[in-house]
Amino acid sequence: MDFRKPLIAGNWKMFKTPAEAVETAKQIVALASATTDVDVMIAPPFTALTPVAEVVKNSHVSLGAQNLFWENEGAYTGEISPSMLKASGCDYVIIGHSERRQHFGETDENINKKIRAAIKNDLIPVVCVGETESERESEETFSVLDKQVRTGLEGFGPNDLETLVMAYEPVWAIGTGKTATTNQAQEVHQFLRALIGKSFGNVLAKSLIILYGGSVKPNNVKELMGMPDVDGALVGGASLDPETFGKIFLFQN
Ligand code: PGA
């Protein structure tokens, strides 16, 4: 297996004012200075990106956004463009989170356009895929993931996807306290890596970072990270408190 540097990403969702975000980011930067073995990324709400960018500048904590629109400018009231994110100091952008699919009607076709726009603007796309509880129960997990990946990445070549990060987030595990077992996570991560290998070649498959997301906490991160195809975590609730998030990216429990 090729070396893949672990990435621990914090998705703050719709939490924290700019002042609160700055305070949390300062503490995360301080904690992250203890390690260079792991990449750390935080994704605050749009309104906190610019002040948080100042805090993470010259640290090895990276900044990400939680969404983007695919045009760079225009009459799209309420939307934020890739070039705006880049100018605000973002290196990453989360795309296709299940909460956006569920509450805001995002489709795999929209997600495809967003991935293209992110790559074009030199933003690293963190593309989320995952099945619902009923899809898992009816044994549709792999067909759902297959469609999400194939449609989301349609029309791309391996060179376009060199920076791609995938996040497997089983919808039933997000914010519920239920984590996929390490074997469930490994099984899906292995499937995703093989699917990328089939579609885009083994070089990309081997270097692809695949995060697990869904109730990641200090007490389960180590075990998840012990699986061969789990390269990091996308952390929601537990990333809001800097000490807890620090324990996750320092792998302390
Ligand atoms: P959670 O969220 O860690 O609160 O389950 C994960 C996510 O939605 O990215």
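Basis for what follows: all heavy atoms, side chains included, without hydrogens, waters or symmetry-related copies. As the structure lists them, so they are numbered: ligands from 1, and atoms in each ligand from 1.
Among pairs with a residue in residues 14-38, none fulfils ring pair (Phe, Tyr, Trp, His ring centres under 6.0 Å), at least two apart in sequence or across chains. Identified under the ring pair (Phe, Tyr, Trp, His ring centres under 6.0 Å) test for residues 223-253, with sequence neighbours left out: Phe245-Phe249.
For the pair Glu54 and Lys57, the salt-bridge criterion is met [side-chain N within less than 4.0 Å of a carboxylate O].
Leu195 is listed as a side-chain neighbour of Arg150, based on a closest heavy-atom distance under 4.5 Å.
Ile124 belongs to a hydrophobic cluster whose remaining members, ordered by chain and number, are Leu7, Met41, Tyr92, Ile94, Val126, Val165, Ile209, Leu211, Leu234; membership requires side-chain heavy atoms of ILVMFWY residues under 4.5 Å apart, directly or through intermediates.
For ligand 1, the protein residues placed under 4.0 Å by at least one non-hydrogen atom are Asn11, Lys13, His97, Glu169, Ala173, Ile174, Gly175, Gly214, Ser215, Leu234, Val235, Gly236, Gly237.
Inspection of the His97 and Glu169 side chains reveals an N or O donor paired with an N or O acceptor under 3.5 Å.
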